[in-house]
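Worksheet: one structure, shown below.
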Amino acid sequence: MDRVTVSSLKEMKEAGQKIAMITAYDYPSALFAEEAGAEVLLVGDSLGMVVLGYDSTVPVTMEEMLHHVKAVVRGSKRSMVVADMPFMSYQASYTDALYNAGRFLKEGGAQAVKLEGGGEIAELVAKLVTAGIPVMGHIGLTPQSVNALGGYKVQGKDLKTAQKLLDDAKALADAGAFAIVLECVPAALAAKITESIPIPTIGIGSGVNCDGQVLVYHDVLGMYPRMLPKFVKRYADLSSLIKEAIRQYVQEVKEQQFPEEKHSFTMALEILERIY
Ligand code: KIV
């Protein structure tokens with residue numbers, strides 16, 4: 001079956017069909033998310049927090065991202081795999097940005113990259129697109145700039161910042177981005193941005209009128225206990241299930257209830273008797 005492409009996502013917007021995107025970080029998460037019907041798998045730099053245990057996404061490196069992108073690509077056949085460009089992999093120079101984005105496609109096997117930033121990165125987006133690298137934008141709350149933004153806060157609530165977000169979205173669309181993540185943008189502003197640009201918007205904490213939605217895999221499944229943003233809907237509580245299963249295993253090991261005979265292998269007794 002063919003992979004989802006930038007054109008199929010645009011067609012979905014035009015047809016009013018919602019796009020489901022979820023993060024994935026390894027082979028099983030890619031397999032499950034694709035089988036569940038997600039069109040786009042984002043290997044988000046959120047992996048730094050939910051998989052690698054950092055306090056923010058800032059320390060994530062290209063090598064860490066590439067390692068996980070490759071696993072997600074191996075676990076998917078049909079979904080589009082988007083690789084998140086980590087902090088400082090594209091800010092220092094166009095050369096760095098082109099080289100690092102290219103690595104995600106050439107070495108990682110991803111179909112596209114995602115970059116945080118608005119009008120200020122439009123020229124870079126145009127260069128990447130010209131080089132044949134599909135780009136997803138990301139505006140609103142941009143976690144890599146958490147230190148500059150002063151925390152994880154809703155963006156675009158006053159006239160100046162709301163106008164800037166709309167201008168940013170238009171600039172990214174004009175530069176050739178194929179979709180834009182809107183993170184923590186008031187729902188009414190996200191709806192206005194969505195109807196003002198020809199490419200799909202993918203919301204996270206930005207209301208129902210975006211063209212699609214994205215959530216972090218570990219948040220959907222209840223596997224990241226350190227924080228639960230207001231915009232997350234938890235569809236399962238896997239932390240409890242996992243802990244309970246491992247607790248039972250530990251107990252059965254200690255009480256010699258595991259392994260049972262059916263988990264063990266046999267051999268001819270006369271061979272056993274001949275060894276000393
Ligand atoms: O890194 C990530 O998971 C993201 C999504 C939350 C959009 O950027």
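Whatever order the structure lists them in is the order used to number ligands and atoms, beginning at 1. In what follows, residues are counted from 1 in the order of the sequence shown.
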Which N or O atoms of ligand 1 sit under 3.5 Å from a protein N or O, and how far apart is each pair?
{"unit_1": "ligand 1", "atom_1": "1 (O)", "unit_2": "Asp45", "atom_2": "N", "d": "3.2"}
{"unit_1": "ligand 1", "atom_1": "1 (O)", "unit_2": "Asp45", "atom_2": "OD1", "d": "3.0"}
{"unit_1": "ligand 1", "atom_1": "1 (O)", "unit_2": "Ser46", "atom_2": "N", "d": "3.0"}
{"unit_1": "ligand 1", "atom_1": "1 (O)", "unit_2": "Ser46", "atom_2": "OG", "d": "3.3"}
{"unit_1": "ligand 1", "atom_1": "1 (O)", "unit_2": "Asp84", "atom_2": "OD2", "d": "3.2"}
{"unit_1": "ligand 1", "atom_1": "3 (O)", "unit_2": "Ser46", "atom_2": "OG", "d": "2.5"}
{"unit_1": "ligand 1", "atom_1": "8 (O)", "unit_2": "Lys114", "atom_2": "NZ", "d": "3.0"}

Problem - Pairing of Glu63 and Arg103 as salt bridge, 4.0 angstrom limit - result: yes

Problem - Residue pair Tyr152 / Val146, side-chain heavy-atom distance below 4.5 Å - result: yes

Exercise for the section: Using a strict 4.0 Å threshold on nitrogen-to-oxygen distance, state whether Lys10 and Glu14 make a salt bridge. Expected result: yes

Handout entry: Reference residue Met223; test side-chain contact (heavy atoms from CB on, under 4.5 Å); the match among Asp237, Ile242, Val50, Val51
Key = Ile242

Problem - Member of Ile22, Val82, Leu215, Val72 meeting the side-chain contact (heavy atoms from CB on, under 4.5 Å) criterion with Leu42 - result: Val82

Completion exercise
Connected to Met267, directly or through other members, by ILVMFWY side-chain contacts below 4.5 Å are Leu269, Ile271, Leu272, Ile275

